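Since the structure comes first, as structure tokens, the remarks are kept for the end.
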Amino acid sequence: MFPEDGMERYDPKTIEARWQRVWDDERAFHVPNPAEGEISEREKTYVLEMLPYPSGELHMGHVLNYTLGDVVAHMRRRSGYAVLRPMGYDAFGLPAENAAIREGGHPRVVAERNIEAIRAQMRRMGWAIDWEREVSTHEPEYYRWTQWLFLRFFEHGHTYRKEAPVKWCPKDQTVLANEQVIDGRCERCGTEVEAKSLEQWFFRITAYADRLLDEMSLLEDWPERVLTMQRNWIGRSEGAEVVFRIDELDAEVPVFTTRPDTLYGATFFVLAPEHPLVPRLVEGTPQEREVLDYVRRAGARSTVERETKEKDGVPTGRTITNPVNGEQIPVWVADYVLMEYGTGAIMAVPAHDERDFAFAERYGLPVRVVVEPAGGDSAPEQGVFVAHSAGERLVDSEQFSGLPSPEGKRAIVERLERDGNGKQVIAYRLRDWLLSRQRYWGCPIPIVHCGACGLVPVPESELPVLLPEVEEFLPKGRSPLAAAEEWVRTTCPSCGGEARRETDTMDTFVDSSWYFLRYCDPRNDEAPFGRDVADYWLPVNQYIGGIEHAILHLLYARFFTKAMNDMGLVGFREPFLRLFNQGMIHHLGAKMAKSKGNVVEPNLYADRHGADALRLYVLFMGPAEQDKEWQDTGIEGTVRFLHRLWRLVHEQVERGGPAQAPSGGALARKTHETIAKVTDDVQRRFVFNTPISAVMELVNEIARAPEDPAARFATETAVSLIQPYAPHVAEELWQRLGHERLWEEPWPVADEAQLRRETFELVIQVNGKVRDRVQAAADLSREELVELARNSPRARAFIDGGSVRQAIVVPRKLVNLVVG
RNA sequence: GCCGAAGUGGCGGAACUGGCAGACGCGCUGGACUCAAAAUCCAGUGCCCUCCGGGGCGUGUGGGUUCGAUUCCCACCUUCGGCACCA
């Protein structure tokens with residue numbers, strides 16, 4: 001740039017490669033575990049970003065995600081904490097398997113090739129990661145412990161196998177967990193899912209529903225919307241189970257309702273088409289054909305269709321007895337009642353439930369009002385829909401009439417309980433987590449099916465159950481593992497007889513539900529992790545990732561942690577104390593996607609401008625939690641800034657000014673203000689764009705007064721403050737300033753004494769409008785400030801003939817003269 | 001439909017607890033350097049008016065509270081996200 005000055009040009013490529021090598025050689029970011037049996041003296045911080053799926057290509061979302069974590073980790077480490085910041089790969093799963101099917105070859109080869117590629121790109125970004133703790137979920141050394149944990153869950157009854165209606169993705173040829181179905185479509189491929197009844201493996205996450213809600217109180221800082229989404233997903237609702245009877249069949253049919261106070265308004269009864277009682281109910285009746293026909297048609301409807309069409313159903317010809325008044329009401333079958341929720345049957349109260357009302361309207365069923373809104377003085381109109389409201393009272397409900405709704409609920413439930421016709425219950429929307437998948441590239445389920453002994457766990461000594469080698473990965477409705485006949489055929493660990501291995505593999509979300517624990521103790525070959533070491537590092541202090549896992553991964557990991565806590569494997573109940581969701585980086589107005597051709601590749605920019613400029617830019621763009629738009633010209637601004645800083649440092653080295661700043665000067669004060677701002681912004685506010693602005697301001701100030709006695713001090717501080725954001729160039733400049741190892745240098749602390757000002761700019765307002773600004777001594781009294789304002793000629797012009805009726809003084813800020 | 005978040009210059013954004021709206025950066029305009037260009041540096045840059053002193057308006061829209069509102073309250077508009085036959 002200025003070769004005639006002999007100043008070396010800022011060349012990010014060389015600098016970045018050099019410092020990455022130094023960090024590796026010196027194991028700069030390796031953190032040892034506290035020695036056995038002794039808790040480390042140093043306070044710890046666990047900074048973690050969500051486990052990446054190794055697609056082979058790093059994208060901008062990763063860059064933002066890991067750079068955020070990097071800044072936090074650097075600052076924490078330089079503030080004296082032992083910082084755990086590991087990295088690994090969520091390597092099992094469909095993308096690698098599908099790529100292998102498409103291109104031929106083995107999913108493992110695809111996955112490992114991708115890992116190599118993405119690791120190289122990550123290292124290029126210079127993140128301060130302890131690479132010695134790297135793990136990948138597809139390695140037998142890892143999935144051995146996934147299996148081990150599965151068996152502990154199995155022993156404790158957290159895992160079970162049952163036949164149940166499940167969601168099936170016809171494209172991926174596998175079942176899905178409820179959480180992986182979005183609007184009736186497969187979360188991965190968007191194919192409409194089908195309903196099937198299959199025998200599958202489940203985690204009993206529903207047993208933890210209440211704790212997943214209640215223990216949110218243990219979390220330090222999670223985005224409110226994530227908590228809301230989880231609460232909605234769990235869907236806890238308090239109500240009652242009410243038992244209706246069909247005497248002719250000697251059958252009891254319980255329903256769940258949140259409105260037991262409306263029991264007298266039940267005018268019909270509805271069973272889900274899948275309800276097991278339906279065939280017996282209509283057997284040999286004139287309605288049999290029509291009802292079974294309806295059931296068949298409902299079964300063929302897609303979830304989407306079922307949810308969007310007009311409500312329909314068929315009468316069964318049977319009646320059922322309302323336990324409170326003995327009334328006989330007709331039983332219908334309709335698919336607006338879902339088998340998965342409650343008991344698969346409802347009492348229909350059309351006057352007080354919109355869905356029941358719509359159904360009653362269509363089929364001309366009676367509508368009986370039994371609750372009147374607050375302040376109803378005349379008898380309620382019959383046959384209409386009455387929305388739920390505060391202060392409502394029961395009517396036409398025998399002895400319960402007149403009770404306010406909440407008391408009515410209580411009284412009716414008490415009566416039901418006394419008569420053995422019901423009880424208070426809580427229903428959840430949350431379903432158990434379906435964990436088995438009919439695909440190859442996943443963790444094998446370590447179970448043996450024995451004709452004599454049933455489901456037998458594989459003994460711990462035989463773990464891992466390795467994935468068998470097969471020729472064909474294409475799924476055909478059953479797991480490709482089933483084709484490895486020799487592998488499938490085994491002996492029962494319990495009785496020694498012939499037995500067959502489980503051929504389903506686990507949902508990859510199982511792998512990622514405990515990876516944050518493996519990082520504590522990644523090479524342990526006797527246990528998934530040592531409890532002491534886990535209890536030292538965990539819970540994660542700062543977790544960072546995308547909002548897409550608001551329910552899926554985050555709910556599963558919380559469940560796993562709680563179950564492990566119950567089993568005595570860990571001493572804490574929540575895995576992630578603070579959660580941060582970064583926004584998405586868009587380009588050309590849309591989410592980056594290969595199919596749209598608008599992907600901005602980080603590597604390209606790292607090569608062109610350096611990783612430091614890229615890291616700075618993704619943070620400088622705007623608030624980290626907001627979605628934002630990539631601008632090529634934007635990164636050029638950060639490039640320019642680094643060049644400017646580079647020149648400034650060299651100029652200061654040339655000048656050789658004193659490193660210690662004399663106190664009291666404007667530049668010295670600005671420097672301390674910058675330290676305070678940069679530190680506070682990250683630590684308290686978790687914002688990353690304004691600290692960069694603050695350092696830019698400081699650099700601008702230095703450039704304006706390079707001969708200031710505080711210039712050298714200001715320059716060194718700027719380099720030190722920018723280190724978490726642009727670590728390579730900061731390290732290089734630090735060395736050129738005559739120091740070493742900036743990453744080990746304590747984080748700067750602002751000197752309170754230097755922050756104090758002797759004068760300030762007093763803003764003078766007249767009737768709320770700024771009319772003048774004057775310098776004022778910091779220690780002036782309120783009266784003196786008002787005098788100063790009154791004497792301002794500019795303010796006077798606006799006071800004119802009027803009199804000052806009031807003066808508002810904000811100390812060290814402004815005076816507002818109210819003139820009337 | 002319900003719940004939530006957001007709306008500020010040409011653009012990304014700042015203003016943290018009700019007290020100077022537009023920090024920082026991009027872009028643009030003018031100038032310096034150069035044979036020229038790039039790079040760099042300097043100055044300017046919300047809109048309107050101006051006698052060049054300054055004045056008026058301005059944070060989605062309309063109202064309110066207040067000495068004072070981007071910030072608090074009410075209503076509405078727009079965008080985005082979540083939930084949505086859950087009994």
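Every chain is numbered from 1, with letters handed out A, B, ... down the list of sequences. This structure is a prediction, so every number in the text was calculated from the model and none was measured.
- A close approach under 4.0 Å does not occur between any side-chain nitrogen or oxygen of A/R225 and OP1 or OP2 of B/C80.
- Contact record, A/K628 with A/G622: CD-N, 4.1 Å, taken as the closest heavy-atom pair.
- Backbone-only contact: A/K769 has heavy atoms under 4.0 Å from sugar-phosphate atoms and none from a base.
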Taking Watson-Crick and G-U wobble pairs with both distances under 3.5 Å, convert RNA chain B into its dot-bracket string, 5' to 3', dots for unpaired and | for cross-strand pairs. (((((((..(((......[....)))((((((.......))))))((((....))))..(((((..]....))))))))))))....
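- Residue A/V770 is classed as a sugar-phosphate contact, given heavy-atom separations below 4.0 Å to backbone atoms only.
- Contact annotation for A/R771: backbone-only contact, meaning every heavy-atom pair under 4.0 Å involves sugar-phosphate atoms and none involves a base.
- The side-chain tip of A/K311 does not point at the ring of A/F359 from less than 6.0 angstrom away and within 45° of straight on.
- Ring-centre distance between A/Y208 and A/W433: not below the 6.0 Å cut-off.
- Residue contacts for A/E761: at a heavy-atom cut-off of 4.0 Å it reaches a base atom on one of the strands shown.
- Using a 4.0 Å heavy-atom cutoff across all strands shown, A/N700 reaches sugar-phosphate atoms only and no base atom.
- Within the 4.0 angstrom heavy-atom criterion, no nucleotide atom of any strand lies near A/R431.
- Residues A/K628 and A/Y336 each lie close to RNA chain B; by heavy-atom proximity, the contact nearer the 5' end of the strand is made by A/K628.
- Note on A/V255: nothing from the nucleic acid sits closer than 4.0 angstrom, heavy atoms only.
- As rounded to whole Å, 13 Å separates atom P of B/G82 from atom CZ of A/R429.
- Using a 4.0 Å heavy-atom cutoff across all strands shown, A/T638 reaches no nucleic acid atom at all.
- Between the CH2 atom of A/W630 and the C1' atom of B/C26 there is a distance of 13 Å, rounded to whole Å.
- Among the heavy atoms of the strands lying under 4.0 Å from A/R644 are primed sugar atoms or P, OP1, OP2 only; no base atom is included.
- Across all strands shown, A/Q765 has heavy atoms under 4.0 Å from base atoms, whether or not it also approaches the sugar-phosphate.
- A/F686 comes within contact range of no nucleotide atom at all, as no heavy-atom separation falls under 4.0 Å.
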